[in-house]
Amino acid sequence: MFIEVIKSKIHRVTVTRANLDYIGSITVDRALMRASGLFEGEKVSVVNVTNGNRVETYVIPGEEGSGAIELNGAAAHLFSAGDIVIIMSYAIVTPEEAADFRPKVVFPDTRTNRLVK
């Protein structure tokens with residue numbers, strides 16, 4: 001048997017852009033990706049704390065240190081610049097692996113989307 005557990009979480013960042021004219025995905029600052037253990041192309045759930053919307057999409061890397069959190073394509077209908085979001089990815093593990101598994105969770109500054117030291 002396998003179970004799905006949270007692997008990575010970027011907690012409460014601010015959307016910097018919503019771009020309808022893009023094929024899709026979420027652009028995330030590379031520094032946040034690295035700190036949270038997200039990979040380019042990885043499937044993520046994005047929860048909009050501001051309005052309750054949720055989407056699944058995939059990650060594309062944004063400029064390092066830029067604070068970029070951009071919802072692209074159809075998701076831009078559900079997210080606006082200034083919205084607060086949570087970005088999560090998951091891993092499929094055995095119950096034995098889950099017992100010792102610890103997700104990577106980061107809590108950036110919500111105003112700048114940069115890591116807090």
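For this chain, numbers begin at 1 and follow the sequence in order. What you see below is based on every heavy atom in this structure, not just the backbone, and it leaves out hydrogens, waters and symmetry mates.
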Point-to-point distance, once rounded to the nearest 0.5 Å, from CE of Met88 to CG of Leu38
11.0 Å
Sole candidate of Arg114, Arg34, Arg30 that passes salt bridge (charged side-chain N to carboxylate O under 4.0 Å, His left out) when paired with Glu64:
Arg34
Which heavy atom of Leu115 sits nearest a heavy atom of Ala31, and at what distance?
CD1-O, 4.0 Å
Could you go through the side-chain contact (heavy atoms from CB on, under 4.5 Å) check for Ile26 and Phe79 one step at a time?
CA-CA 11 Å; Ile26 182 170; Phe79 295 79; over 6 Å; no
Applying the side chain to side chain contact (heavy atoms under 4.5 Å, CB included) criterion to Ile6, which one of Ser45, Pro103, Ser89 satisfies it?
Pro103
Same apolar cluster: Val55 and Val44, side chain cutoff 4.5 Å:
yes
Distance from Tyr90 atom OH to Lys43 atom NZ, nearest 0.5 Å?
9.5 Å
If you define the side chain from C-beta out and look only at heavy atoms, does anything of Tyr22 sit under 4.5 Å from Thr27?
no
Shortest non-hydrogen contact between Leu20 and His77, atoms and distance
CD2-NE2, 3.3 Å
Can you tell which of Thr57, Asp83, Ile69 makes a side chain to side chain contact (heavy atoms under 4.5 Å, CB included) with Val46?
Thr57
Heavy-atom closest pair, residues Ala98 and Ile3
CB-CD1, 3.6 Å
With Thr94 via side chain to side chain donor-acceptor pair (under 3.5 Å) - residues at least two apart
Glu96, Glu97
Only one of Val15, Ile10, Thr14, Asp29 passes side chain to side chain contact (heavy atoms under 4.5 Å, CB included) with Asn113, and that residue is Thr14
To the nearest 0.5 Å, what is the distance between NZ on Lys104 and OG on Ser8?
7.5 Å
A side-chain contact here means heavy atoms from C-beta on lying under 4.5 Å apart; do Asn72 and Ile23 qualify?
no
Supply the atom-to-atom distance Lys9 NZ to Phe107 CZ, rounded to the nearest 0.5 angstrom.
6.0 Å
Shared hydrophobic cluster, Val5 / Val106 (ILVMFWY, side-chain heavy atoms < 4.5 Å):
no
Approximate separation, where rounding is to 0.5 Å, of Asn48 CG and Leu71 CG
8.0 Å
Measure the CE-CZ distance between Met33 and Phe39 for me, rounded to the nearest 0.5 Å.
8.5 Å
Do you know which two heavy atoms are closest between Asp109 and Thr112, and how far apart they sit?
OD1-N, 3.1 Å
Minimum heavy-atom distance between His11 and Pro108, given as atom pair plus value:
O-CD, 3.5 Å
Indicate if Ile86 and Val13 have the same hydrophobic cluster label, given that clusters are the connected sets of ILVMFWY residues with side-chain heavy-atom separations under 4.5 angstrom.
no
